[in-house]
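One structure is given below, encoded as structure tokens.
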Amino acid sequence: MSARPLLESVNCGSRYDATSSRNSGGGPTLPLDDIDRPIVEKRLLRKLDFRMAFLVLVYIVNVMDRYNVAAARLRGFEEDLGMTGNQFNTLISILYVGYLFMQAPSNMILHRMKRPSLYLSSCMVAWAAITVFMGAVQTYHVALILRFFIGFMEAPFFPGAVFLLSRWYKKNELGLRTALFCCSNSISNVFGTLIASGILGSLDGALGFSAWRWLFFVEGALTLVVAVSAIWILPDFPSTPSIWLLPDEQILAKRRMEEEVMAIGHESKPEGNFSGLIEALMDWRVWWLGVAYHLMVCSHSFTMFFPTLSATMGYNATTSLLLCAPPWILGTATSLVVARHSDVTGDRFWHIVGPLLLSIIGFMIAISTMNTGMRYLSLFFMTQSSAALVVSLTWIMNTFSQSQSKRAAAIALINTMATAGLISSPYIWPSSWGPSYTNSYIICILASITSIAMCWVFRQHLSRCNEAAEAEEKVLGLPEGFRYLL
């Protein structure tokens, strides 16, 4: 009897196509017999968590540099550069065009590197320097060019950081770590608005520069300091010797990732330069999740205009920025709780749907009234969608864990498709639709509903894959193997 007919009937990909078992002599056997694994593993994770925590700080400054134009808009940025019509929307959008060009190629390069810490840090230094130059621009077109190159140099960081996490942590450890990393987005929205309000409120006219120029100077300089520190703090891959790991910790780090591959049933084998990219391009699930994630990002586009939405309540620029913080504090807390509960229960789908439904409630409240209190309440509901993005990203990493190169390519391709949503999203919020932005909220609702439907279809597919695997194991008398998380 064929060992694969049931799985092939639902096109899930076999977990039993390896030519050797766990005890195969095809690869090196690591000397773990003399290691007290629980103690060493606890020590390894503690050191690793400390290093990876620095990614949170990097992502915070990354988001600050990405969205600081929204805060600058409140203090004369548009007027000083003579912007008209949708030019500000184009300025936001052009950054993500840079992302499109660099995300997928960067992750394929990163996969072949031994020192990702140097690569990611170099990209940080570049975008930090360009951010500082943004404070000196005199014309709209120069600002447009600089924003493109900021996006081009920022693009390697997010998919690269996510891939780096997946190269160190096991499947049941990824959810919380991914949540902590992705929550940097919300944390940045909290502290970014507080820092922006302080700079815009206190440095206007200092040394002859406008407040919005100081915003770029200060935040760019802060990123530069973080970038230089990252060279020595960020970890490389487990296969790269690390001075911060003891020999037994280094051995265990490599072994843990080998065990993850073994659990899926794939034999470790040499991979061509583009084999992972080709596999990802040929896998319909990459495209399906890419479109679903794209729509989810579109529904989350209010983030780019959060200070503007806060300003529709009628307060001055400083107060509007300060009011942005509480909704994001709640959104951050919710994301951590939801991601942790998702890990504990092993469920992904419902932990995506719940936050998206809450954000839809927020959109509906904003559509229904211009009352100041109710519109501020709607912002708290909208920020809940951050949890859906966090869990979705974890689901993607769990699903594409067959090989390191395919995982790197899948993460980059899906993020590239999501970035395409960020290019079009600024045009969902034209000034002419304000201050109610009813049409904008309707588009976000439709995007959320479509994304939920696509995730449900994907969950049904994975469920059939798990059922087929279970049936095949019973027929062949095999032990329980890999299961997709639903």
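Since we're looking at a predicted model, the values are computed, not measured.
- More than 12 heavy-atom neighbours from other residues, nucleotides or ligands sit within 6.0 angstrom of CZ on F54.
- For the salt bridge (Lys or Arg N to Asp or Glu O under 4.0 Å) test, residues two or more places apart in sequence or in another chain that qualify with R73 are E78.
- Between W284 and F458, the two ring planes are perpendicular [angle over 60°; tilted spans 30° to 60°].
- With a 6.0 Å radius and a threshold of 12 heavy atoms from other residues, nucleotides or ligands, F50 has its CZ atom at or below the threshold.
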Please tabulate, for the side chains in residues 432-442, all donor-acceptor contacts under 3.5 angstrom to protein atoms that are two or more places apart in sequence or on a different chain.
| from | atom 1 | to | atom 2 | distance (Å) |
| --- | --- | --- | --- | --- |
| S436 | OG | T438 | OG1 | 3.4 |
| S440 | OG | I428 | O | 2.5 |

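- Identified under the salt bridge (charged side-chain N to carboxylate O under 4.0 Å, His left out) test for residues 315-343, with sequence neighbours left out: D343-R348.
- Here side chain to side chain donor-acceptor pair (under 3.5 Å) pairs that include residues 120-129, with residues two or more places apart or in two chains, are D65-W127.
- Counting only residues at least two apart or on different chains, the side chain to side chain donor-acceptor pair (under 3.5 Å) pairs with a member in residues 292-305 are S299-S448, H300-T303, H300-S385, S301-W429.
- Classification of the F237-F163 ring pair by plane angle, with boundaries at 30° and 60°, yields perpendicular.
- With ring centers used as reference points, F101 lies 6.0 Å or more from F152.
- Sorted by first then second residue, the salt bridge (charged side-chain N to carboxylate O under 4.0 Å, His left out) pairs that include residues 201-230, not counting sequence neighbours, are R75-D204.
- Residue pairs satisfying the salt bridge (charged side-chain N to carboxylate O under 4.0 Å, His left out) criterion with at least one member in residues 174-200, sequence neighbours excluded, are listed as follows: D49-R177.
- Between the side chains of Q384 and S359, no donor-acceptor pair is found at a separation under 3.5 Å.
- Residue pairs that meet the ring pair (Phe, Tyr, Trp, His ring centres under 6.0 Å) test with at least one member in residues 322-342, sequence neighbours left out, are F306-W328, H341-H351.
- Taking F149 as the reference, nothing meets the ring pair (Phe, Tyr, Trp, His ring centres under 6.0 Å) condition, with sequence neighbours excluded.
- Qualifying ring pair (Phe, Tyr, Trp, His ring centres under 6.0 Å) partners for W168, counting only residues two or more places apart in sequence or in other chains: W244.
- More than 12 heavy atoms of other shown residues, nucleotides or ligands fall within 6.0 angstrom of atom CZ in F380.
- Residues satisfying the ring pair (Phe, Tyr, Trp, His ring centres under 6.0 Å) test with Y140, not counting sequence neighbours, are none.
- Every ring pair (Phe, Tyr, Trp, His ring centres under 6.0 Å) that Y99 has, sequence neighbours left out, goes to Y96.
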